[in-house]
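Got a structure here, written out as C-alpha cells. Questions coming.
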Protein chains: 2
Amino acid sequence: MNASRSPVRQSSVRAHNLALVLQTVANSADRPSRAAISASTGLTRATVSALVDDLIAGHLLTELDPAPRTGAGRPAAGLALTPDGPGGLGLEINVDYLAACVVDLTGAVRHRFVTRADQRLLPPAAALAELGALAAQAQAAAGADGIELAGAALAVPGLVAADGLVRVAPNLGWSDVDVPALLNLGLPLTVDNEANLAALGELRTDGGPPTFLYVSGEIGIGAGIVLDGELYRGGRGWSGEIGHVTVYPDGRPCRCGANGCLEQYAGQEAVAADPDLAAAALGIALSAVVNLLDLGVIVLGGGYAPEFDRLRDGIDAELSRRVLTAGLAPVTLRAATLGADAAMRGAADVVISGVRDDPASWLARPQAV
Amino acid sequence: MNASRSPVRQSSVRAHNLALVLQTVANSADRPSRAAISASTGLTRATVSALVDDLIAGHLLTELDPAPRTGAGRPAAGLALTPDGPGGLGLEINVDYLAACVVDLTGAVRHRFVTRADQRLLPPAAALAELGALAAQAQAAAGADGIELAGAALAVPGLVAADGLVRVAPNLGWSDVDVPALLNLGLPLTVDNEANLAALGELRTDGGPPTFLYVSGEIGIGAGIVLDGELYRGGRGWSGEIGHVTVYPDGRPCRCGANGCLEQYAGQEAVAADPDLAAAALGIALSAVVNLLDLGVIVLGGGYAPEFDRLRDGIDAELSRRVLTAGLAPVTLRAATLGADAAMRGAADVVISGVRDDPASWLARPQAV
DNA sequence: TGGGATTTGTTTATTGGTTGAATTATTTGG
DNA sequence: CCAAATAATTCAACCAATAAACAAATCCCA
C-alpha cells in the first residue's frame with residue numbers, strides 16, 4: 001500500500017479518480033465510452049459519468065460523435081483528450097542549438113522552433129535571453145491555437161539541482177546558473193537533465209516498456225533511468241552519469257580527473273574513430289547497469305541512434321558475456337525513435353503529464369481573466 | 001500525484017488514514033497523544049480518535065498511562081505499538097547455518113534460533129525441512145507470548161523470482177527450487193534475496209537514510225538498493241548483482257564465465273589475501289553505482305563489516321577520484337550495524353512492515369477461531 | 001412495421017468517512 | 001476554588017461513491 005505521508009480527504013478521492021479516468025482515456029487506443037471506462041477502472045458508470053462531466057467542463061475531454069459501432073444497444077459517445085485544452089512548452093538548450101515546442105494534451109507537437117547557434121560563445125544570461133525569445137514565439141503560437149500552456153520544462157546538458165539551479169554543464173561552459181531567475185516566462189518552469197527528459201520522451205512513445213535505460217551519446221554520455229514508468233533522479237537529482245563509469249581502471253585520462261571513463265571510449269569522437277572499441281566499452285558499462293538494476297531494455301539515443309547498426313553486435317557480445325542473468329532473460333537493445341527532438345519532446349511531456357496525473361489541480365487553478 | 005491504476009473508494013481513504021496514524025506512532029520517538037497525531041498528520045482530532053479506536057480494538061496500538069508531562073491542561077494518553085499484537089517470522093538459510101527469529105510489531109526481536117550446519121551437503125528439500133522444524137520452534141515460542149504471526153519471510157543467497165521460486169543459489173548448489181511448495185508453515189511466505197532483506201534490515205535501524213546501497217560481502221557479493229525508503233528489486237527481481245560488475249575487463253576469469261568481475265577481487269578470499277586490492281576493486285565498482293544512481297550513503301555489511309577499517313581508505317580513494325559529483329556532495333561509507341542477523345531481521349521486518357503499511361487488511365483478516 | 005432485447009447514460013436514495021463546532025473531561029495556576 | 005488550558009468525544013453536516021431504478025437509443029427478428 002505504501003501509505004504516503006499525507007492524509008487523505010474525500011476531495012483526494014475525487015482527485016485520484018479524475019486522474020484515473022483521464023489516464024484511462026489517454027492510454028486507450030480507441031475512443032472509450034463512459035461504460036468502457038467504468039468497466040476498465042472498476043468505478044460505477046454513475047461515478048464515471050460525473051467525473052467525465054467535470055473533465056469535459058474543464059476542457060480536458062471532448063465527446064466525439066459516433067464511436068466505432070458494434071452490436072445492439074444505445075450507441076456510445078466516444079471520449080478523447082481535447083487538442084485545444086492545456087498544453088506544454090518544451091525547451092532545450094544545447095551546445096549548438098536552442099529549441100522550443102508546444103505539445104497539446106493529446107501529445108501532438110503543435111509548434112516547433114529551432115535556432116542553430118553555438119551557445120558556448122555566449123554567457124548564460126545571453127543564451128537564456130535568446131531562449132526566452134524563442135519561447136515567446138512558441139507561447140504566441142500556442143495562444144493563437146487556443147492552447148493554454150500549463151507550464152514549461154527545459155532540458156539542459158548538465159547536472160541540475162532540485163530547484164532548477166544548473167550546477168555544472170561542462171559542454172556549455174556553465175556552472176551554478178540559476179535558470180529560473182534568468183528565464184521568466186510567466187509559467188511554472190521545470191529544469192532537468194537532457195538525458196532524463198529524453199528518457200521520458202521515449203517512455204511516452206509507442207507505450208514502450210516502463211523499465212528501461214536511455215543512453216544519450218553526445219559529446220558527453222548521459223543516461224536516464226526509468227523504473228516502473230517513473231524517472232529515477234537519484235538522491236540529489238544527479239543520477240545517470242554513465243559517462244563516468246570506469247571501464248578500464250588504468251585507461252585514458254578523462255577531463256573529470258579519473259582514468260578510463262566510458263566517455264573516453266564511447267564519446268562522439270571515439271565512436272567515429274573506432275566503433276568497435278566504443279561498442280565494447282559501452283557493452284561493459286551497460287553490463288554493469290543491468291547487473292545492478294536488472295533492466296530488460298536499453299534504448300540508445302542521441303548520437304548513438306544513427307550508429308545503432310554499427311554498435312549493436314559489439315554491445316550485445318559484452319552483454320551476453322557479462323550480464324549474470326543473460327541466460328535467464330534477454331536484454332533487448334534498441335535505437336531511440338524520437339531522434340534529436342527527444343529531450344525537447346520529453347520536456348513538453350513532463351508538463352502535460354503533470355496535468356494528466358493531477359487534473360484536479362489544473363481544474364482548480366486560479367483562472368486568468 | 002502518480003495516480004495508480006486502481007480506483008479509490010471511501011474505504012480506501014480509511015485504509016490509508018489508518019496506515020498514516022499507525023506509522024506516525026511507529027516513527028515517533030516518544031509516545032504521541034491523539035492530539036499530537038492530529039497536529040502532525042493534518043487529520044482532525046475527531047478522525048484520529050476514531051482511527052485510534054479501531055487500531056486499539058485490533059490490538060495494534062495501546063494506551064500507556066501518562067505520557068511525559070508538560071504545562072497545564074488535561075493530560076494526554078500516550079499511544080504506542082503493542083508488543084503483543086501481530087509479529088513477523090524472519091527466516092534465513094545460508095551456506096553454514098539456518099536461522100529463525102520472531103519480531104513483534106514494535107520491531108523488538110522476541111525470539112531467535114540458529115542452527116549451524118553445512119547446508120551444501122543437503123538436498124534442498126532436506127534443508128528446507130530442517131528450516132521448517134526451526135520455524136515451528138519459533139512459531140511455538142511466538143504463540144506462548146501471545147503473538148499472532150502475520151507471515152514469514154525467508155532470506156536466500158541467490159536469485160529469487162517473484163513467486164518465490166529460487167532460480168539459482170550458487171553457493172548452496174540450488175537451482176529452480178520451489179520454496180513455497182517445500183516449506184509450508186501455514187503462514188503467507190515471502191522469499192527474497194539475502195542482500196535485499198539485509199538492506200531492509202539496515203533501513204529499519206536508527207532511522208537511517210532512505211536512499212542507500214547495502215553491500216554484502218560473503219562468498220559472493222550482493223547488494224540491496226534502497227531508493228526513497230523502498231527496496232528496488234528490478235524488473236524481474238534480480239537487481240543488485242554487484243558481484244558481477246566488471247572491474248578489470250581482461251582480468252581474472254569468474255565462475256560466471258566473464259572476466260574481471262568484482263567477486264574475483266573482493267570476495268571473501270580476496271579480502272583475506274589482499275585487502276588493498278579488494279578495496280580498490282570495490283571502490284571502482286561502487287563509483288559506478290554512485291555515478292549511475294547518485295546515492296549518498298553506502299553501507300558495508302556481511303563479511304565486509306568486520307574488515308571495514310581495513311577497507312575504508314582504499315574505497316574512499318577510488319570514490320573521490322571516480323565519482324563525478326564527489327566534489328559537490330560527499331559519499332558516506334559506513335559499516336552495517338546489524339551484523340550477521342541483518343538478513344533475518346530484515347525478513348521479519350518485511351512482515352511487520354506489511355502490517356504497518358496496511359493495517360486495514362490485517363484488521364479485516366479472516367479471524368482464526 | 002413494431003416490439004423485445006440490449007447497451008448507454010442519468011437520476012435518486014443510501015452509505016461510508018471526514019469535518020467543524022460544541023461539549024465534556026482533567027489538569028495547572030493564581 | 002475558580003479560570004485557563006489542553007485532551008478527547010459527540011453530533012450534525014457535507015462530500016463522494018454506490019446500487020438500483022429509469023430513460024434513451026439502437027439492433028434484431030418476427
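Below, chain A is the first sequence line, B the second, and so on; all start at residue 1.
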**Study point:** Partner set under salt bridge (Lys or Arg N to Asp or Glu O under 4.0 Å) for A:Arg34, not counting sequence neighbours
**Key:**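 A:Glu63.
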Review point. Given atom CG of A:Leu61 and atom P of C:dG9, what is their separation to the nearest angstrom?
Key: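 To the nearest whole Å, that distance equals 13 Å.
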Review point. Can you name the residues that form a side chain to side chain contact (heavy atoms under 4.5 Å, CB included) with A:Asp349, not counting sequence neighbours?
Key: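 Here the qualifying residues are A:Val103, A:Arg204, A:Ile352.
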Exercise for review: Can you sort out the partners of A:Ala141 under side chain to side chain contact (heavy atoms under 4.5 Å, CB included), two or more places apart, ordered by chain and number?
Suggested key: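 Counting only residues at least two positions away or on another chain, A:Ala141 forms a side chain to side chain contact (heavy atoms under 4.5 Å, CB included) with A:His111, A:Phe113.
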Exercise for review: Round to the nearest Å and state the distance from A:Leu51 atom CG to D:dC15 atom P.
Suggested key: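 Computing the A:Leu51:CG to D:dC15:P distance gives 16 Å.
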Check your understanding: How would you list, by chain and number, every residue that makes a salt bridge (Lys or Arg N to Asp or Glu O under 4.0 Å) with B:Arg110, sequence neighbours excluded?
Key ->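 If we apply the salt bridge (Lys or Arg N to Asp or Glu O under 4.0 Å) test to B:Arg110, skipping adjacent residues, the hits are B:Asp104, B:Asp145.
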Exercise for review: Under the side chain to side chain donor-acceptor pair (under 3.5 Å) rule, what do A:Thr190 and A:Asp192 come out as? Steps first, then yes or no, please.
Suggested key: CA-CA 7 Å; A:Thr190 304; A:Asp192 206 338; over 6 Å; no
N/O-N/O pairs, protein side and nucleotides 10-17 of chain C side, under 3.5 Å:
{"unit_1": "C:dT10", "atom_1": "OP2", "unit_2": "A:Ser49", "atom_2": "OG", "d": "2.4"}
{"unit_1": "C:dG17", "atom_1": "N2", "unit_2": "A:Gln10", "atom_2": "NE2", "d": "2.7"}

Review point. How long is the line joining CG of A:Leu43 and P of C:dT8, in whole Å?
Key: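 It works out to 16 Å between those atoms.
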**Study point:** Whole-Å distance separating the CD1 atom of B:Ile37 from the P atom of D:dA7
**Key:**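 Checked: the CD1 to P distance equals 12 Å.
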Point to revise | side chain to side chain contact (heavy atoms under 4.5 Å, CB included) partners for A:Arg236, two or more places apart | key: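 Partners of A:Arg236 under the side chain to side chain contact (heavy atoms under 4.5 Å, CB included) test: A:Trp238, B:Asp294, B:Ala329.
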Practice item. May I ask you to evaluate whether A:Ser33 reaches the phosphate of C:dG9, defined as a side-chain N or O under 4.0 Å from OP1 or OP2? Key: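 Yes, because at least one side-chain N or O of A:Ser33 sits under 4.0 Å from OP1 or OP2 of C:dG9.
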